[in-house]
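Written below as structure tokens is the structure these notes are about.
Below, chain A is the first sequence line, B the second, and so on; all start at residue 1. On a predicted model such as this, the values are computed, not experimentally measured, just so you know.
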Amino acid sequence: MKTFEEKWTAWVDGQLSGRELAEFEASLPDKAAAEAERASAQKLGTLLKRELGARTLTNEEFFSHQLRERIAQEGGEISRAPDGRRIERSTWWTIPRLLWTSTVSLAVFLACTVLVMREKNPTEESQYLTQILNARVDPVVSPNATVSIFEVKQDRVTVLWTEGLQSLPPDYAAK
Amino acid sequence: MGRARAFLVVAIAFAITGATSLYGAENVWSGLVIAENVAKPQPIPPELTRIERSLKKFFGYNQFQVIGQSQKALKTGQEDWLATSKFFGLHVDAQGETEAGYVLNLKLYKEKELLLETDAKLSKRSPLVIKGPQVGGGQLLLVLVVQ
């Protein structure tokens, strides 16, 4: 059994028919006023449907919207709470992260430096051995003296070897 | 957070100090050494410890005694100095510094008589040994080491 309000709503929406329609219209005290009210309600319904209905996005707008959502997701700067509110998150370059990054960079730099130095040393070893550029002995004091040069690479010692220098008595070993 | 920052500052300070000391003044030890063969050899002087094996192998003596020495801190690489014993004098004249070491002019005198002159590029990692004249049953050696 429908109430009067239910039947009224159905009548306004044009959903009553046949015997039910005739009985309802007969029960109306002022049919002309009811007709006017129904016309007014239908007019309002049409207006609301037109003004409040979901607006269809154009292709361009849709693409732009998708892009913005994607950027926001990847950047992690803004996310949405379950209720749709925007939540601001911190950016990546915070001070602790900067510190960690600089420490790690320094460690990597040192590791690379050590590697490069290790690779460089063997090729440049001869550069780090002492070199004799020239050697002279007094031809008057030691006319038969000769000089030669040795390099002991294992111990990194360079030796200037002289032969034929004037021999001296043991007294010359005094401090 | 504050602790991490302090740690970083200290680490950088240590690194800078270390780097500075690496490139700071260096000592060159120059010595007049008598090498001999004796029954009871004395321990080798500490300045010669790192080249003891080479000295013994090359010269065939079992005792090395310092009869004169000098230690010079090089700051400009242009310094000169003298290591002397009673009869010998070794004059060292530094004539510049390169990445690998120092350019030196060395003169060995017996009293006032020049016995030997040589120019050498002394490496910071590589000692120089010069065989001098025979003295009695031993040998005079000149040794230069960057310490």
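In this structure, chain B has heavy atoms under 4.5 Å from both the backbone and the side chain of Thr162(A). For Val159(A), the parts lying near chain B are the backbone and the side chain together; criterion is any non-hydrogen pair under 4.5 Å. For Val66(B), the part lying under 4.5 angstrom from a heavy atom of chain A is the backbone only. Neither the backbone nor the side chain of Glu36(B) comes within less than 4.5 Å of any heavy atom in chain A. Only the side chain of Glu111(B) comes within less than 4.5 Å of a heavy atom in chain A; its backbone stays farther off. Leu116(B) touches chain A through backbone and side chain together, each having a heavy atom under 4.5 Å away.
Among the candidates Pro133(B), Gly138(B), Pro127(B), Gly137(B), the residue making the largest number of heavy-atom pairs closer than 4.5 Å to chain A is Pro127(B). If you tally non-hydrogen atom pairs under 4.5 Å between each of Val157(A), Asn134(A), Val137(A) and chain B, the highest count goes to Asn134(A).
The minimum heavy-atom distance between Lys40(B) and Gln63(B), with the atom names listed, is O-OE1, 3.9 Å. In terms of heavy atoms, Leu141(B) sits closest to Ala35(B) at CD1-CB, 4.0 Å.
The salt bridge (Lys or Arg N to Asp or Glu O under 4.0 Å) test with Asp155(A) is passed by exactly one of Arg50(B), Lys56(B), Arg53(B): Arg53(B).
Donor-acceptor pairing under 3.5 Å is lacking for the side chains of Arg97(A) and Thr101(A). Gln71(B) and Glu47(B) share no side-chain donor-acceptor pair at under 3.5 Å.
Ion pairing of Lys75(B) with Glu79(B) is absent here, as no side-chain N (NZ or NE/NH1/NH2) approaches a carboxylate O to less than 4.0 Å.
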